[in-house]
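In this text, all values refer to a predicted model and were calculated from it rather than measured experimentally. As the structure lists them, so they are numbered: ligands from 1, and atoms in each ligand from 1.
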Amino acid sequence: MSTREEKQKVVCVSGGAGYIASWVVKLLLQRGYTVKATMRDPNDPKKTEHLLALEGAKERLQLFKGDLLEEGSFDSVVNGCIGVFHTASPVLLSVADPQLWYVLSKILAEKAAWESAKENEIDLVTINPGIVIGPLLQPTVNLSVEVILNFVNGAQTFPNECYCFADVRDVANAHVLAFENPSACGRYCVVGEVIHCHDALKILQNLYPTLHLPDKCEDDKPFASKYEYSREKAEALGVDFTPLEISLRDTIESFREKGFISV
Ligand SMILES: NC(=O)c1ccc[n+]([C@@H]2O[C@H](COP(=O)([O-])OP(=O)(O)OC[C@H]3O[C@@H](n4cnc5c(N)ncnc54)[C@H](OP(=O)(O)O)[C@@H]3O)[C@@H](O)[C@H]2O)c1
């Protein structure tokens with residue numbers, strides 16, 4: 001690739017050190033992009049080391065400070081980029097019902113993004129994953145894989161709930177495919193499988209018979225799934241969904257490799 005072409009392939013990944021974003025950065029580097037990754041503290045090795053170790057990082061990864069709570073923080077970084085993968089998201093934990101506020105914040109953020117895109121004639125596509133699991137590149141546990149880690153680490157009961165699982169590699173791939181396909185439009189649900197927690201734990205137990213997983217449901221109410229989903233639109237984009245068993249296995253293997261569990 002010539003220097004001129006390389007210049008044309010500059011993209012930004014906000015919150016670049018995060019769980020999903022790190023995989024997006026990895027795929028983009030593999031595909032020859034120059035990646036400007038933002039994080040609140042680019043001097044924190046916990047945020048940067050795993051990114052700097054990626055193939056192509058030495059030549060084409062640049063790290064920048066970016067904080068969503070600081071007006072104008074991203075202006076100079078996104079300037080000159082042909083695309084922005086916006087994954088950064090402040091997390092509210094000191095409220096009465098964090099899950100509810102999180103969902104509300106995501107709905108409002110997406111609504112604002114669509115309004116702003118329309119106003120500013122930005123070509124926007126959104127990727128809406130379920131609970132994202134799969135191997136971690138970063139050294140810390142994010143909220144969605146923590147769900148699995150808590151089960152492995154001695155939870156006594158499991159919730160009477162269905163989970164909409166998505167593999168982190170599929171979610172990252174969906175981001176890149178949506179960016180590269182000019183006909184991609186609108187919202188893409190990236191959910192590989194909807195499964196009751198009980199059945200997901202059964203798969204895990206079969207894979208790892210020595211794990212101590214909860215075998216009691218937190219209540220005995222009859223269960224009715226409230227989720228309907230379709231893989232169709234994401235598959236048409238080119239997402240080849242990873243089987244849930246592989247995602248669960250690779251999550252556990254990643255926990256082992258990073259020393260979060262010892263079994
Ligand atoms: N994981 C899931 O199951 C899931 C499902 C649906 C949607 N999502 C959405 O996907 C995105 C990525 O999720 P993830 O699981 O990869 O989360 P994550 O690992 O926690 O990454 C989120 C990133 O947001 C950044 N961030 C937090 N506050 C910020 C602020 N004030 N300014 C700038 N950046 C800030 C953090 O970056 P630094 O600490 O490095 O600054 C962090 O790396 C989020 O928008 C999340 O809501 C995730």
Side-chain angles (χ1 to χ4, degrees), residues 12-27 35-52 61 63-75 77-78 84-94 98-113 124-150 161-175 178 187-194 200 227 229 234 242 244 247-248 251 254 258 260:
C12 171
V13 180
S14 76
Y19 176 48
I20 297 171
S22 297
W23 276 97
V24 174
V25 171
K26 182 181 163 88
L27 293 192
V35 180
K36 292 174 158 187
T38 73
M39 54 212 66
R40 283 169 297 175
D41 183 3
N43 295 315
D44 179 353
K46 278 207 199 101
K47 299 285 176 179
T48 59
E49 269 176 4
H50 67 285
L51 294 177
L52 294 170
L61 177 66
L63 307 179
F64 295 88
K65 181 175 161 51
D67 190 331
L68 290 168
L69 304 181
E70 285 173 19
E71 183 76 32
S73 183
F74 292 84
D75 292 358
V77 188
V78 301
V84 176
F85 297 78
H86 178 46
T87 74
S89 171
V91 181
L92 273 174
L93 291 174
S94 55
Q99 181 61 23
L100 183 71
W101 283 103
Y102 171 74
V103 172
L104 179 65
S105 79
K106 299 312 288 181
I107 293 169
L108 294 176
E110 191 183 344
K111 188 168 175 279
L124 176 71
V125 171
T126 59
I127 306 293
N128 300 69
I131 297 187
V132 186
I133 58 167
L136 299 94
L137 294 174
Q138 84 281 9
T140 50
V141 178
N142 75 306
L143 288 175
S144 56
V145 291
E146 202 173 41
V147 170
I148 306 291
L149 189 59
N150 288 342
E161 263 178 34
C162 262
Y163 289 152
C164 307
F165 283 119
D167 189 289
V168 68
R169 294 159 291 195
D170 300 342
V171 176
N173 195 24
H175 279 78
R187 315 172 78 231
Y188 287 83
C189 271
V190 181
V191 172
E193 200 158 327
V194 177
Y227 299 115
Y229 79 112
T242 306
L244 178 60
S247 306
L248 287 168
T251 310
S254 194
K258 292 186 185 295
F260 298 141

- N/O of F74 under 3.5 Å from N/O of ligand 1, yes or no? no
- Item | Under 4.0 Å to a heavy atom of P90 - the qualifying atoms of ligand 1, by number | 27 (C), 28 (N)
- Residue pair M39, L51: steps toward the side chain to side chain contact (heavy atoms under 4.5 Å, CB included) verdict: CA-CA 11 Å; M39 54 212 66; L51 294 177; 3.8 Å; yes
- Query: Which is it for V125 and Y188 under the side chain to side chain contact (heavy atoms under 4.5 Å, CB included) test, yes or no, and what are the steps along the way?
  - Reply: CA-CA 8 Å; V125 171; Y188 287 83; 3.6 Å; yes
- Message: What I'd like to find out is whether the side chain of I148 reaches to under 4.5 Å of the side chain of F165, using heavy atoms alone.
- Response: yes
- Rounded to the nearest 0.5 Å, how far does CD1 of I127 lie from CZ of F85? 9.0 Å
- Is there a heavy atom of G130 sitting under 4.0 angstrom from any atom of ligand 1? yes
- Gap separating the CD1 atom of I131 from the CG atom of L143, nearest 0.5 angstrom: 10.5 Å
- Among all protein heavy atoms, pick out the one at the shortest distance from atom 17 (O) of ligand 1; state its residue, atom name and that distance to 0.1 Å. N142 ND2, 4.4 Å
- Query: Which protein heavy atom lies closest to atom 31 (N) of ligand 1, and at what distance to 0.1 Å?
  - Reply: D67 OD1, 3.0 Å
- Message: Closer than 4.0 Å to some heavy atom of L69 - which atoms of ligand 1 meet that?
- Response: 31 (N)
- For M39, the ligand 1 atoms with a heavy-atom partner under 4.0 Å come out as 40 (O), 41 (O)
- Could you please spell out the steps behind the side chain to side chain contact (heavy atoms under 4.5 Å, CB included) verdict for C164 and Y229? CA-CA 9 Å; C164 307; Y229 79 112; over 6 Å; no
- Query: For Q138 and S22, does a side-chain donor sit closer than 3.5 Å to a side-chain acceptor?
  - Reply: no
- Looking only at protein heavy atoms, identify the closest one to atom 19 (O) of ligand 1 and say how far it is in Å. Y19 N, 2.8 Å
- Message: Geometry only, no angles: is I131 polar-contacting ligand 1 at N/O separations under 3.5 Å?
- Response: no
- Task: Using distance alone, with no hydrogens and no angle criterion, decide if D67 and S73 have a side-chain donor and acceptor under 3.5 Å apart.
- Result: no
- Task: Please lay out, stage by stage, how K46 and D44 fare under the test salt bridge (Lys or Arg N to Asp or Glu O under 4.0 Å).
- Result: CA-CA 5 Å; K46 278 207 199 101; D44 179 353; 5.5 Å; no
- Task: Please work out which of S89, G66, A21, S22 has its closest non-hydrogen atom nearest to atom 25 (C) of ligand 1.
- Result: S89
- What residue and atom, counting heavy atoms only, is the protein's closest point to atom 12 (C) of ligand 1, and at what distance? T87 O, 3.5 Å
- Message: For the 3.5 Å polar cut-off, considering only N or O atoms, please tell me whether P129 and ligand 1 meet it.
- Response: no
- Note on the structure: Output for pair (E110 CD, L124 CG), nearest 0.5 Å, gives 7.5 Å
- atom 34 (N) of ligand 1 sits nearest the protein heavy atom A88 CB, 3.4 Å
- When you measure from atom 10 (O) of ligand 1 to every protein heavy atom, which one gives the shortest distance, and what is it? I20 CD1, 3.6 Å
- Is K106 touching ligand 1 with its side chain, its backbone, both, or neither, if touching means heavy atoms under 4.0 Å apart? side chain
- Taking atom 8 (N) of ligand 1 as the reference point, the nearest protein heavy atom with its distance: Y102 OH, 3.4 Å
- Message: For K47, which part has a heavy atom under 4.0 Å from ligand 1: side chain, backbone, both, or neither?
- Response: side chain
- Message: Quick one, L63 and L52 - any side-chain contact, counting heavy atoms below 4.5 Å?
- Response: yes
- Enter the distance from D41:CG to K65:NZ here, rounded to the nearest 0.5 Å. 7.0 Å
- min-distance protein heavy atom vs atom 35 (C) of ligand 1 -> R40 NE, 3.8 Å
- What atoms of ligand 1 come within less than 4.0 Å of a heavy atom belonging to G18? 19 (O), 21 (O), 43 (O)
- Relative to the heavy atoms of S144, which atoms of ligand 1 are at a distance of less than 4.0 Å? 1 (N), 2 (C), 3 (O)
